[in-house]
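The next block holds one structure in the form of structure tokens; read it before the comments.
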Amino acid sequence: MPKERRNTRMILYHGTNQDIQSVDLSKGMRHKDFGKGFYLTPDRSTAIRMAQKKARLIGGTPTLISYEMDESVFLSDLKIKVFPEKACVEWFLFVDANRDRKNEHPIHDYDIVVGPIADDGVVLQLTNYRVGIYSSEQAAKLLQDKYLDQQYYFGSERALQFLNKKNTETV
């Protein structure tokens, strides 16, 4: 018997300093955790913190934009990478390569990447790894017990088609 396909939806949030009418992938910053793309999180409070931080650093109004993601995206033919929720060596090295300013070109061609957000503690371990204090295995192990918020990276127009903007609010 064929598996029943239900259209399930998930709410994801984008914290920023202004409303976004439509996502423009060319405006993303290149050396982020998963590369140049559009980032969202399923955690509302994380997105609010990001909106407030961006408005404080750059100016503008802290803005929370909610999107509904059609989870059938995971059954599509898009190229998708899902990392475990906890730090692992593969994720650590992926983030390190994407953040490496020596890499002038994207290091991957995924449409969507899901995984932990590299916070300040991760950045410290990336630095320790780069200067040779820890191996990638040691650095990832040090991060294993640390809760890291999750993020969803959208890196192609095809991937963005699975997002539907729902609401914008000042936070």
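Count residues from 1 along the sequence. Any value given below was found using the heavy atoms of this structure, including those in side chains, with hydrogens, waters and symmetry copies removed.
In the hydrophobic cluster analysis, where Ile, Leu, Val, Met, Phe, Trp and Tyr join through side-chain heavy atoms closer than 4.5 angstrom, Y110 is grouped apart from F74. One hydrophobic cluster, built from ILVMFWY side chains closer than 4.5 Å, cannot hold both Y152 and F83; they sit in different ones. Residues V82 and V73 share a single hydrophobic cluster, defined by chaining ILVMFWY side chains whose heavy atoms lie under 4.5 Å apart. Residues L148 and V89 are members of one and the same hydrophobic cluster, defined by side-chain heavy-atom contacts under 4.5 angstrom among Ile, Leu, Val, Met, Phe, Trp and Tyr. A single hydrophobic cluster is not seen to contain both F94 and I80; linkage of ILVMFWY side chains at heavy-atom distances under 4.5 Å, directly or through other members, places them apart.
With respect to the salt-bridge test (charged N to carboxylate O, under 4.0 angstrom), the residues D77 and R158 qualify.
Of the candidates T16, T63, D19, D19 is the only one forming a side-chain hydrogen bond (donor to acceptor under 3.5 Å, both in side chains) with T168.
Between M69 and F154, the closest side-chain pair of non-hydrogen atoms falls below 4.5 Å. Annotation: side chain of D100 is in contact with side chain of R130 (closest heavy-atom distance under 4.5 Å). At least one side-chain heavy atom of K146 sits less than 4.5 Å from a side-chain heavy atom of D119. Contact annotation: the side chain of E68 approaches that of I11 to within less than 4.5 Å [non-hydrogen atoms, C-beta and beyond]. Counting only heavy atoms from C-beta outward, the side chains of L126 and V95 approach each other to under 4.5 Å.
Checked against the 6.0 Å centroid threshold, Y153 and Y39 count as a close aromatic pair. Residues Y134 and F92 keep their aromatic ring centres 6.0 Å or farther apart. Between Y67 and Y13, the distance separating the two ring centers is not shorter than 6.0 angstrom.
K32 forms no cation-pi arrangement with F34, by the criterion of a distance under 6.0 Å to the ring centre and an angle within 45° of the ring axis.
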Indicate every side-chain donor-acceptor pair of residues 49-56 with a distance under 3.5 Å to a residue at least two apart or in another chain.
residue : atom : partner : partner atom : Å
R49     : NH2  : T46     : OG1          : 3.4
R49     : NH2  : D149    : OD2          : 2.9
Q52     : NE2  : V171    : O            : 3.0

With a cut-off of 3.5 Å and sequence neighbours excluded, list every side-chain donor-acceptor pair involving residues 111-118.
residue : atom : partner : partner atom : Å
D111    : OD1  : S156    : OG           : 2.7
D111    : OD2  : K79     : N            : 2.7

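The minimum heavy-atom distance between Q125 and L142, with the atom names listed, is OE1-CD1, 3.9 Å. Between I65 and K165 the shortest heavy-atom distance is CG2-CE, 3.8 Å. Of all heavy-atom pairs between R99 and H31, the closest is CG-O, 3.7 Å. Between D145 and K86, the shortest heavy-atom distance links the atoms CA-NZ, 4.1 Å. The minimum heavy-atom distance linking L64 with A47 is given by the pair CD1-CB, 3.4 Å.
With hydrogens and angles disregarded, no donor-acceptor distance shorter than 3.5 Å links the side chain of N103 to the backbone of H105. Looking only at distances, no side-chain donor or acceptor of S136 sits under 3.5 Å from a matching main-chain atom of L93. Under the 3.5 Å distance criterion, the side-chain polar atoms of D70 are left unmatched by any main-chain donor or acceptor of F162.
Once rounded to the nearest 0.5 Å, the distance linking CD1 of I20 with NZ of K27 reads 8.5 Å. Note: C88 SG to K141 NZ = 13.5 Å, rounded to the nearest 0.5 Å. Between the CG atom in L25 and the CG atom in L160 there is a gap of 4.5 Å [rounded to 0.5 Å]. Atom OG1 of residue T41 and atom NE2 of residue H14 lie 11.5 Å apart, to the nearest 0.5 angstrom. Distance OH/Y129 to CD/E137: 8.0 Å, rounded to 0.5 Å. In this structure, CG in L143 is found 9.0 Å from CG in L124, a value given to the nearest 0.5 Å.
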Exercise. In sequence, state the C-alpha distance, the side-chain angles, and the governing distance for Q150 and D43, and then conclude on side chain to side chain donor-acceptor pair (under 3.5 Å).
Key: CA-CA 8 Å; Q150 299 299 297; D43 188 74; over 6 Å; no

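Dense packing is recorded around CD of E169, with more than 12 heavy atoms of other residues, nucleotides or ligands lying under 6.0 Å away. Remark: D24 CG is packed, more than 12 non-hydrogen atoms of other residues, nucleotides or ligands lying under 6.0 Å away.
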